[in-house]
Amino acid sequence: MEKNKSEITYHNKDVLSKIMAENFKEKSLKVYGIDVPKIKQILPTNLPAIQVNEMRIDNLFLLEDGSVAIIDYESSVKWENYLKYLNYVVRILERYGQEAKHIRMIVIYTADVEHAADEFHVDCLTLRLEQAYLRKIDSKSVRSGLEKKLENGMSLSDDEMMQFIILPLTYKGKEAKKEAVKDAVHLAKKITDKEKQMFVLSGILVFADKIIDSSTAKYIKEVIRMTQVAQMLLEEGREEGRVEGREEGRAEGRKEGREEGKTEGRKEERIKVLIDSLRSFAIPEEQIISKLVEKYQFTKDEAKVFVKNF
């Protein structure tokens, strides 16, 4: 694949990395046609650079058997790609030394590729690849199955989530992939489990990073951002309910004025946390004000005062 200018460079990339690292644990790549041990953890891809203009590694995983899996996604077969893979291996060895006893070079081909050589030879070495061809995945069937489960309020399995995030790459042609990305994001909005929804959305953005344009990437990032906010609001609401529940169970002898003062103080603290959290996700001030009006029944002027003071 050619490097796309819309690669993920925005300030929330670390958030995506944390989401991916946590949710990829114990997932299997078998649904892509790769029979390797399950993923143990994600490894950092900021490895020593060999060339200034070298592309970053798409994914780097530590598998349960202790092997390191380098994963790259391609929509075409080029001789230069094999040189790129060799550079990846050298970078892994530079970073991890003799600890990297077993390195797997895995290439996942989009539906545009039907066949590619699984070995690269020169006199002094042989590079062996493990390959998967997404053209073998029935895109319509997978999408239909996911939609049916979501419409029936059913939870997605690990394999189904792994299929979900790779789904746009199972379509042939650049434009078809772009449309599939948008469709997958729209479908992902129906996932009720916010943690799973975040994993799927983040996975779609990371996996399809090279094929989407800047406007599509911006749209996905906005959906992710609002999902993060929704999750944060849910947790904040749960904590509020727990606090109020504990307060109701306290001794009735306390003075009402003292209790009201404490409650008001806690409320202001929660509002401050909410405002800070929304700001951390670069939510516009007008949206923050609207959220305060909705959640705490403030007037718009009252909400503006809180935003200004905090």
### Query
Given the rule in the ring-ring contact (aromatic ring centres under 6.0 Å, His included) test, do Tyr85 and Phe120 qualify, once you have shown the distances and angles that lead to the verdict?
CA-CA 10 Å; Tyr85 306 150; Phe120 175 74; 9.1 Å; no
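- Heavy atoms only, all atoms of each residue included: Gln197 and Ile191 are closest at NE2-O, 3.5 Å.
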### Query
Step by step, would you call Asp72 with Glu74 a side chain to side chain contact (heavy atoms under 4.5 Å, CB included)?
CA-CA 7 Å; Asp72 216 48; Glu74 304 290 359; 2.8 Å; yes
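- Although no hydrogens or angles enter the test, the distance criterion places no donor-acceptor pair under 3.5 Å between the side chain of Asp183 and the main chain of Glu179.
- No donor-acceptor pair closer than 3.5 Å links the side chain of Ser144 to the backbone N or O of Lys140.
- A donor-acceptor distance shorter than 3.5 angstrom exists from the side chain of Lys149 to the backbone of Ser155, with no hydrogens or angles considered.
- Taking the side chain as every heavy atom from C-beta outward, Ile39 and Leu29 approach each other to under 4.5 Å.
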### Message
Working note: Arg128 + Glu119, criterion salt bridge (Lys or Arg N to Asp or Glu O under 4.0 Å); need CA distance, chi angles, decisive distance, verdict.
### Response
CA-CA 5 Å; Arg128 295 183 179 86; Glu119 289 189 355; 3.4 Å; yes
### Task
Test side chain to side chain contact (heavy atoms under 4.5 Å, CB included) on Lys304 and Leu292 and set out the steps.
CA-CA 9 Å; Lys304 285 182 179 179; Leu292 293 179; over 6 Å; no
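- Shown here is His121, whose NE2 atom has more than 12 heavy atoms of other residues, nucleotides or ligands within 6.0 Å.
- You'll find the side chain of Leu129 reaches within 4.5 Å of the side chain of Tyr82, heavy atoms only.
- Checked against Asp65 for a salt bridge (Lys or Arg N to Asp or Glu O under 4.0 Å), the options Arg104, Lys38, Lys101, Lys40 give a single hit: Arg104.
- With a 6.0 Å cutoff to the six-membered ring centre and a 45° limit on the axis angle, Lys27 counts as a cation-pi contact of Phe199.
- The two atoms that bring Val200 and Ala188 nearest to each other are CG1-CB, 4.0 Å, heavy atoms only.
- Taking the charged nitrogens against the carboxylate oxygens, Lys84 and Glu80 have no contact shorter than 4.0 Å, which rules out a salt bridge.
- Lys196 places a side-chain N or O within donor-acceptor distance of the main-chain N or O of Leu156, the cut-off being under 3.5 Å.
- No side-chain heavy atom of Val122 sits under 4.5 Å from any side-chain heavy atom of Leu127.
- Donor-acceptor pairing under 3.5 Å is recorded for the side chains of Glu160 and Ser157.
- Interatomic distance, Leu93 CG to Arg91 CZ, rounded to the nearest 0.5 Å: 12.0 Å.
- No donor-acceptor distance shorter than 3.5 angstrom exists from the side chain of Gln41 to the backbone of Phe61, with no hydrogens or angles considered.
- Asn81 and Ser76 make their closest contact through ND2-O, 3.6 Å (heavy atoms, listed as atom of the first residue, atom of the second, distance).
- Distance check: Lys172 NZ to Arg135 CZ gives 9.5 Å after rounding to the nearest 0.5 Å.
- Here the CG-CD distance, from Leu187 to Glu147, works out to 6.0 Å after rounding to the nearest 0.5 Å.
- In this structure, CG on Asn87 lies 9.5 Å from CD on Glu94, to the nearest 0.5 angstrom.
- Judged by distance alone, the side chain of Ser67 and the main-chain N or O of Leu63 form no donor-acceptor pair under 3.5 Å.
- Residues satisfying the ring-ring contact (aromatic ring centres under 6.0 Å, His included) criterion with Tyr171, sequence neighbours excluded, are absent altogether.
- The shortest distance between side-chain heavy atoms of Met161 and Asp158 falls below 4.5 Å.
- Under the 4.5 Å side-chain heavy-atom criterion for Ile, Leu, Val, Met, Phe, Trp and Tyr, Val305 and Val307 are members of distinct hydrophobic clusters.
- Atom CG in Asp112 sits 13.0 Å away from atom OH in Tyr133 (nearest 0.5 Å).
- Across every non-hydrogen atom of Leu60 and Ile70, the tightest pair is CD1-CG1, 3.7 Å.
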### salt bridge (Lys or Arg N to Asp or Glu O under 4.0 Å) assessment of Lys300 paired with Glu286
CA-CA 10 Å; Lys300 193 169 184 178; Glu286 281 302 312; 3.7 Å; yes
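- Scanning both residues, Val77 and Ala116, for their nearest heavy atoms gives CG2-CB, 3.7 Å.
- Residues satisfying the ring-ring contact (aromatic ring centres under 6.0 Å, His included) criterion with Phe164, sequence neighbours excluded, are absent altogether.
- Taking both residues in full, the closest heavy atoms of Leu167 and Ser139 are given as CD1-O, 3.8 Å, listed atom of the first, atom of the second, then distance.
- A donor-acceptor contact shorter than 3.5 Å is absent between the side chain of Thr170 and the backbone of Leu134.
- Taking the side chain as every heavy atom from C-beta outward, Ile289 and Glu285 approach each other to under 4.5 Å.
- Here the CD1 atom belonging to Ile92 is positioned 12.0 Å from the CD atom belonging to Glu99, to the nearest 0.5 angstrom.
- No chain of hydrophobic side-chain contacts below 4.5 Å, direct or via other Ile, Leu, Val, Met, Phe, Trp or Tyr residues, connects Met154 to Val31.
- Remark: Tyr32 engages no residue in a ring-ring contact (aromatic ring centres under 6.0 Å, His included) (not counting sequence neighbours).
- You'll find the side chain of Val68 reaches within 4.5 Å of the side chain of Leu43, heavy atoms only.
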